[in-house]
Amino acid sequence: MSYLLAKDTVNGAEGKIVITMDGQVYEVACMKNIRTDADIQTEDMRVIGTRKIQGKASGAKLTGSGNIYYGSNLFTDMVLQYINTGIMPQFDIQITNNDPTTTIGSQAMGYYGCQLTGKIPLSILNDEEAMLNYDFNFTYNNVARLQSF
């Protein structure tokens, strides 16, 4: 019988995040977490002769979210560029899971044509927080598996 061994579960803190924008590569060491999702969109289909409603895939909405410690100017600079020029920068993200304690190896995924969405704080002060951080959201246009477990 085959099953997953506890030693082969991936530690969520083992890996790295790299953002590429305008030819510049930034290894982002100040993120608490990041997650990308493909939300499969479907359309309902009804036909005469059955009460069943069938679903047909009609697209995929590609989004991501994360939390970053306050102190990096990367996202703030993107927002300021948009405010000052009307051009929202696009960037690429590479996320690598690499837990050296497992036997399954590492996985790297590339996300292309990323763009920030939602709220990005420009300044934060909070007397109840010892480590300031904030949530961020983004969309992306394409994805590729660069290395498989």
Side-chain angles (χ1 to χ4, degrees), residues 1-44 54-149:
M1 176 167 48
S2 180
Y3 56 90
L4 178 66
L5 299 174
K7 69 176 185 160
D8 286 332
T9 58
V10 179
N11 182 330
E14 296 287 350
K16 71 178 182 176
I17 301 158
V18 175
I19 292 179
T20 305
M21 184 174 61
D22 295 329
Q24 296 290 326
V25 178
Y26 308 91
E27 186 168 341
V28 185
C30 53
M31 282 197 197
K32 289 178 64 174
N33 61 59
I34 189 166
R35 177 185 175 126
T36 56
D37 294 303
D39 182 9
I40 306 301
Q41 308 290 301
T42 59
E43 297 291 328
D44 288 346
Q54 301 175 61
K56 180 176 181 175
S58 61
K61 185 174 183 179
L62 306 175
T63 62
S65 61
N67 185 282
I68 188 168
Y69 286 105
Y70 184 69
S72 168
N73 290 323
L74 188 61
F75 293 156
T76 306
D77 289 348
M78 290 182 202
V79 172
L80 291 174
Q81 180 180 342
Y82 176 68
I83 291 169
N84 293 323
T85 68
I87 299 169
M88 177 53 90
Q90 289 198 342
F91 54 96
D92 300 331
I93 298 176
Q94 183 175 324
I95 301 172
T96 304
N97 296 96
N98 186 17
D99 183 349
T101 66
T102 72
T103 63
I104 63 172
S106 62
Q107 174 174 273
M109 298 287 289
Y111 302 91
Y112 306 100
C114 301
Q115 184 171 292
L116 292 174
T117 62
K119 295 180 181 180
I120 301 294
L122 300 179
S123 297
I124 304 174
L125 287 174
N126 186 338
D127 71 345
E128 295 179 359
E129 293 289 330
M131 292 182 265
L132 294 173
N133 63 83
Y134 64 91
D135 295 323
F136 64 94
N137 296 294
F138 61 96
T139 60
Y140 56 98
N141 296 328
N142 205 0
V143 57
R145 181 180 295 138
L146 308 174
Q147 181 180 346
S148 182
F149 285 120

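Worth knowing before you read on, the calculation uses all heavy atoms, side chains too, and leaves out hydrogens, waters and symmetry mates.
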Which heavy-atom pair separates [X] from [Y] by the least distance, and what is that distance?
| X | Y | answer |
| --- | --- | --- |
| L116 | M88 | O-CE, 4.2 Å |
| N141 | G113 | ND2-O, 3.5 Å |
| I68 | C30 | CG1-O, 3.4 Å |

Got a second to check how far [X]'s [atom1] is from [Y]'s [atom2], nearest 0.5 Å?
| X | Y | atom1 | atom2 | value |
| --- | --- | --- | --- | --- |
| I19 | Q94 | CD1 | CD | 11.5 Å |
| I17 | I34 | CD1 | CD1 | 5.0 Å |
| T42 | K56 | OG1 | NZ | 12.0 Å |
| Q90 | C114 | CD | SG | 8.0 Å |
| S106 | E14 | OG | CD | 11.5 Å |
| R35 | D37 | CZ | CG | 4.5 Å |

Side chains of [X] and [Y] in contact at under 4.5 Å (non-hydrogen atoms):
| X | Y | result |
| --- | --- | --- |
| T36 | V143 | no |
| Y112 | L62 | no |
| T102 | F149 | no |
| L122 | T76 | yes |
| I93 | Y140 | no |
| I120 | M78 | no |

Look only at the side chain of [X] and the backbone of [Y], and say whether a donor-acceptor pair between them is shorter than 3.5 Å.
| X | Y | result |
| --- | --- | --- |
| Q41 | D39 | yes |
| N33 | N67 | yes |
| D8 | L4 | no |

Flag for D92-T20: side-chain donor and acceptor within less than 3.5 Å
no
Modelled atom types, side-chain donor and acceptor of N11 and D99, under 3.5 Å
no
Taking everything shown except L125 itself, do over 12 heavy atoms lie less than 6.0 Å from its CG?
no
Audit row: Q147, N98, side-chain contact (heavy atoms from CB on, under 4.5 Å) steps and yes/no
CA-CA 11 Å; Q147 181 180 346; N98 186 17; over 6 Å; no
Using the side-chain contact (heavy atoms from CB on, under 4.5 Å) rule, take M21 and L74 through it: C-alpha gap first, then chi angles, then the decisive distance, then the call.
CA-CA 10 Å; M21 184 174 61; L74 188 61; 4.1 Å; yes
Do any pairs count as a ring pair (Phe, Tyr, Trp, His ring centres under 6.0 Å) and have a residue in residues 70-109, sequence neighbours left out, and if so which ones?
F75-F136
For T101 and K7, run side-chain contact (heavy atoms from CB on, under 4.5 Å): C-alpha distance rounded to whole Å, both residues' side-chain angles, the deciding distance at 0.1 Å, then the answer.
CA-CA 7 Å; T101 66; K7 69 176 185 160; over 6 Å; no
Dump the intermediate steps for side-chain contact (heavy atoms from CB on, under 4.5 Å) on T117 and T63, then the final yes or no.
CA-CA 9 Å; T117 62; T63 62; over 6 Å; no
